[in-house]
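Quick notes on the structure that follows.
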Amino acid sequence: MALLLPAGLGLLFLVLPLVGLLARAPWSTLPQRLTEPAVLAALRLSVQSATLATVLCLALGVPLAWLLARVQFPGRRLVRALVTVPLVLPPVVGGVALLLVFGRRGLVGSWLDATFGITLPFTTTAVVLAEAFVAMPFLIIAVEGALRGADTRYEEAAATLGAGRWTTFTHVTLPLVAPGVAAGAVLCWARALGEFGATITFAGNYPGRTQTMPVAVYLALETDLEAAIVLSLILLTVSVVILASLRDRWISG
Amino acid sequence: MALLLPAGLGLLFLVLPLVGLLARAPWSTLPQRLTEPAVLAALRLSVQSATLATVLCLALGVPLAWLLARVQFPGRRLVRALVTVPLVLPPVVGGVALLLVFGRRGLVGSWLDATFGITLPFTTTAVVLAEAFVAMPFLIIAVEGALRGADTRYEEAAATLGAGRWTTFTHVTLPLVAPGVAAGAVLCWARALGEFGATITFAGNYPGRTQTMPVAVYLALETDLEAAIVLSLILLTVSVVILASLRDRWISG
Amino acid sequence: MSEPAGARLLDAHLVVERGDFRLDLPLTINPGEVVALLGPNGAGKTTALRALAGLLPLSAGHLTLAGREWDHPDRRVWIPTERRPIGVVFQDYLLFPHLTALDNVAFGPRRHGLGRQQARQRAADWLTRMGLAAHARRKPRQLSGGQAQRVALARALAVEPALLLLDEPLAALDAGTRLDTRAQLHRHLAAHTGATLLVTHDPLDALVLADRLVIIEDGHVVQEGDAATITARPRTDYVARLVGLNLYRGRAAGQRVRLSADFGLTTGDRHDGEVFVAFPPSAVALHPRQPDGSPRNTWPATIAGVQRHGDNLRIQLNGPIEVAADVTPAAAAQLRLVPGQRVWAAVKAAETRAYPAG
Amino acid sequence: MSEPAGARLLDAHLVVERGDFRLDLPLTINPGEVVALLGPNGAGKTTALRALAGLLPLSAGHLTLAGREWDHPDRRVWIPTERRPIGVVFQDYLLFPHLTALDNVAFGPRRHGLGRQQARQRAADWLTRMGLAAHARRKPRQLSGGQAQRVALARALAVEPALLLLDEPLAALDAGTRLDTRAQLHRHLAAHTGATLLVTHDPLDALVLADRLVIIEDGHVVQEGDAATITARPRTDYVARLVGLNLYRGRAAGQRVRLSADFGLTTGDRHDGEVFVAFPPSAVALHPRQPDGSPRNTWPATIAGVQRHGDNLRIQLNGPIEVAADVTPAAAAQLRLVPGQRVWAAVKAAETRAYPAG
Amino acid sequence: GDDSSDQPAGGDGVSGQLTVFAAASLTESFTRIGQDFEAAQGVKVIFNFAGSSALATQINEGAPADVFASAAPANMDTVLDAGNGDGEPVTFARNQLVIAVPKGNPDGVTSLSDLTKPDAKVALCAEQVPCGAAAGKALDAAGVALTPVTLERDVKAALAKVRLGEVDAALVYRTDARAATTDVDGIEFPESAEAINDYPIVVLKDAANKAAARAFLEYVRSDTGRNVLTTAGFQVP
Ligand SMILES: Nc1ncnc2c1ncn2[C@@H]1O[C@H](COP(=O)(O)OP(=O)(O)OP(=O)(O)O)[C@@H](O)[C@H]1O
Ligand SMILES: Nc1ncnc2c1ncn2[C@@H]1O[C@H](COP(=O)(O)OP(=O)(O)OP(=O)(O)O)[C@@H](O)[C@H]1O
Ligand SMILES: [Mg+2]
Ligand SMILES: [Mg+2]
């Protein structure tokens, strides 16, 4: 089979480095790591904030994807291009940009501070925002692709039955593109979970509050390569287990 | 319109940080930056290696996505989960993992060195490999989603006309999911273009050979925030222009 | 056509341009009336239906239902599809693949303000009426083609639309189900106080279900009227084939009609000027030699094709005019009717009908 | 059925299970033979066709073409779809949306080894034969429903298959095009040396195109034979409706057939034991009062429904037996035939046919 | 959030909590010092470890911090130039370069000039980061022209290349070499004296708890603090 060879090669390319990590990991230290409260706190924070960031991305990104896929408006090309900005921006610069806007001295941040007394940076909210900023394009582009691939005639049929745009969207379009949305959400969640540069810049590195696993890995790298590998493998295992259980349910559902 | 409000909010959230950067950028230094040979070299290297990485991802990732979407085999859940590994692995750790496998003393690398005298680290090839490793999951997941959404009955029709799996794949399936593949390729290219952690870890940093724009941005950040912002904006503009011109052609094509 | 304007429920002049193709169709439908739109493939039937549904905007003209303007490009009036009280059955059903048959039918009533339970109840009633109660919980992919089409019909009817649009609603049904569904549809349409437009290829559907037929070709109306008129007096080849007649155009002088420079027919009716002449295939008799005797139209012809047609054979003949003739298998065997064979065709003047053209 | 086994091109016993539904269909087709598969919606026609095409595996049974086994679960034999020399027209066409009509048709020939130019040439020939030369460069979305179906037909025929499978190939065509396409199809099928299976709802298609009819209901064969036998002697309600007859089952003793405890008919034929009795709706006469005179079958009945049916009206009657009667509009007006009206029905014994059941 | 509000007062009139922004290379030493300080003074110390440049940006964008300990004077200057320092910074530690080679020194490296052999693969830090600037100065002082295969983004990355065997040698800080003695040997060389990197620390202008901040600064420079730093391989002034 002409398709199996490249597929196998691709899989090998993705899996071999993991094998390398597994071979190098100091397994004896694993139990001790797993009981360290700081590691557990970082793990919990990572999963929680990645999930919240995904929810935020779904709430804002799916409508934006719909706008790009279904509504003709002037400047659509520009908007579509702007959506890809956080993809290309080095995450650390993304973090700086977020500071420039939402920081205490920032465009929006100073107003938030003066009006509501809210400061975002260095809070768990900041972690969620940083992750959402970096991960949202993945969701938008995946969902837009799915929307373009979907047959718009079902939406016409819904309109003839009296469904407005909103109902058509929630009752017909979304269920039809559910696999695409699920794929986008997976990408988004995984990207948020692995996010490091923007998070440490915008939210800082406070254990229990803003120290996610990737940030902990970064710090561990400063002192101990093996420790960093073990932490990465813990993060990896957790995410793979969550994704494997979720995705198969979503896809078959 | 109940959909326009979140869409607008989402767009604002993505665009505001960019505004922050634009407001802060020292525009007067731009012409000088743009003529620096090191900047141009980094820019060219970034675009070239991201493009090569995308080609590599397409060649290996599309067949793998097809395998996941269309072929029932034992362990498919596991393979699907493994594909997401590079997404969650902090990129620096991904770079370490690549070193452990393809490095001079690595599993495959030592064999390559002994047999062919090839060492990958610190070469442009290493840049492409690092970017491909990090970006491939985006392509695979997007394409798999598109394949699942596509109507398999067209493939049945092709089979009745005598087309085997390979011909059906190239002549029917791929054209049908072209928008999904295009979306995946865009994600993949953008992610590769912005890739920093795995690249600098696996390929190192040498101007003209392995110094991509994100690496240059990172180093600029160490000394001069404004310079880093200008470099980021240059990278951004180039990628947005390329994406905007490519995507609209692909989507309408 | 001759009703007072006030009685019209639908009053439209549909002009739509689609690439090279231009639809230009004046259309009125009275309350309770069923109009069938017939025409060859590509004539613009689906285009007209989409314009009525608001899925295609008019390029010009207007569209008014019950005095309310739905689409009027000159006045920039436009009511979107979801605010038009319509029901549509699409040519390829378009059942929502993620919903069960029941939820597909309940979708419209829900949107029209019914509660979930009420909507499902109404949907269940409709499915029962369509003989599909047992399939209510199936997804569209698990339904056969004909089952899917009946669900689509139930879905459109369940919203009790003021304008019902049917794009070949019976095409995929088997003969038995078709009869039942046609009867049900007929019953429903008879009770329906709204307007109905039925796009169909099947003349029987049109004759049974419609009060009036509008026949279009290439985007334009070629004939319009009740079934009896159209059946008796087709005005184009398409309509003639639809109703199963041979049709010719010629110049009449009394009973004699000249069809070409060197061929004419004697007809039962007297006219002067441009006329159509029509007669059924069964009126054509075939003879091995030139028949003599009572005054009739006779001409030599060559057999171009033979098909079974019901219990009879339908023979296509070339010659001064192209004509179809129906003969019994016994007669065919006796005449050795094979393609290429030369025969004489004969039609009694009394069996032909002539009527003014233009 | 009675041919020697050696003459069979297709020899199959298709057993497929799909949820609750089970298809169990023995099927043989000789070289050049056209078999029509008829049955109500959901009977399993598409299922059988998919099993033949290799799109569904058999659960049991076997499938052999020209002595080569294609599917035999007991022996673990399985030839995949793309290696079966077949041509399929799907119920919903499935034209490749990204290819032009020409490239859709050229797809099969290309896969069968023709060069690009030759394949396109053959495709162009087929499109021309189908009257679609002008649409060769269109994408499927730009074709009307009927145009798309003709392209699908051309695509299936262009590979010159040994087994041609047609899932309602004419359903979406207008009456005129249908006649032409049917004639073309007939011509092609007559020249075709392979086997053809035609799934259809339209009895006319089946009668014109097929050499033999196989009728299935709920996955099982209920009747099989040539058109004349089936038309004359339907054995189920579905077949009776298909061919337009009233059908009853009863116990015969000579010319008298008892249909229920208190109702019987006198028939033209003599039999003993279980029989079917059939007569056409046109054989039923309606009278306002009980008719007297010549010995005939008469019974009181109530009008359940009236439909137009061609030039006549078809009346559905309740009573000791349910029966359909055709009357002229003039007669209907005279009898004031409205639902609920009580009338007397009469059928001459000579117009009924009885034949053994079971 | 579980952020603790004011802690009960303890020690010498300082109390509450203290936020210290410290360079990532100080993670181990400062964590130890912080624990001792907490025990001694009853002040809760919260650390934000990250790259010095990122910390400087955060401080200049209004991050709530009391103390900034930088791994390079340049990043300290960024903060001072923006007017965010309170008083003059003090240098509390110094770091010196060594040549890191794989354990056992297989190539027998003894001096900088051994690194110029044609087939030797050497990793340096990029000139934008402190260890790269220091390496440049040292190489200049030795009069050695060296073409590295890579200019790493920080000293840990350069060291990792040695540990994984990708390069034959790297110029790294003595503290880093010492932390990795299981995998690498650190070879001292005389020119490193020309390229010593200073670690400055300062109390910030917007500090919420200036008393505790000053106490922390003093504690870092006390004997206890110096001890921790020296153990890690720093020189202390
Ligand atoms: N999207 C399109 N772009 C250009 N031309 C189109 C498009 N859709 C349809 N047409 C053309 O418009 C004409 C009318 O098409 P329409 O679908 O209304 O025909 P129809 O009467 O419904 O035919 P059928 O009986 O075969 O369904 C056809 O010639 C068709 O080729
Ligand atoms: N995927 C499926 N899963 C379960 N049952 C199915 C599935 N597809 C079809 N069926 C059922 O199998 C039976 C046969 O379906 P099939 O499509 O073969 O009918 P058909 O004879 O082609 O009908 P039609 O004339 O309406 O096209 C039906 O009862 C249908 O509901
Ligand atoms: Mg149509
Ligand atoms: Mg079917």
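Chain letters run A, B, ... following the sequence lines, proteins first, then strands; residues in each count from 1.
Considering CZ of A/Phe102 and CD of E/Glu61, their distance stands at 13.5 Å, rounded to 0.5 Å. Atom CZ of A/Phe122 is separated from atom CD1 of E/Ile46 by 12.5 Å, given to the nearest 0.5 angstrom.
Within the 4.5 angstrom heavy-atom criterion, only backbone atoms of A/Leu221 (N, CA, C, O) approach chain E. For a residue to count as touching a neighbouring chain, one of its non-hydrogen atoms must lie under 4.5 Å from one of that chain's; by this rule E/Asp176 does not touch chain A. The parts of E/Phe49 that come within reach of chain A are both its backbone and its side chain, each placing non-hydrogen atoms under 4.5 angstrom from that chain. Heavy atoms of E/Ala63 lying under 4.5 Å from chain A belong to its backbone as well as its side chain.
Around the CZ atom of E/Arg32, the shell of radius 6.0 Å holds no more than 12 heavy atoms that belong to other residues, nucleotides or ligands. Taking a 6.0 Å sphere around CD of E/Glu38, one finds it holds more than 12 heavy atoms contributed by other residues, nucleotides or ligands. Atom CZ of E/Arg163 has more than 12 neighbouring heavy atoms from other residues, nucleotides or ligands inside a 6.0 Å radius.
In this structure, E/Ile59 and A/Arg105 approach most closely via the heavy-atom pair O-NH1, 4.4 Å. Here the shortest heavy-atom pairing between A/Tyr218 and E/Ala24 reads OH-CB, 4.0 Å. Between E/Phe47 and A/Tyr206 the shortest heavy-atom distance is O-CD2, 3.9 Å.
Shown are E/Thr27, E/Asn48, E/Leu55; of these, the side chain to side chain contact (heavy atoms under 4.5 Å, CB included) with A/Asn205 is made only by E/Asn48.
Contact of the E/Asp183 side chain with the A/Leu225 side chain is not registered, since no non-hydrogen atoms from C-beta on lie closer than 4.5 Å. Looking at heavy atoms from C-beta onward, A/Arg24 lies in side-chain contact with E/Leu164 at the 4.5 angstrom threshold.
Without hydrogens or angle criteria, E/Gln58 side chain to A/Thr201 main chain gives a donor-acceptor distance under 3.5 Å.
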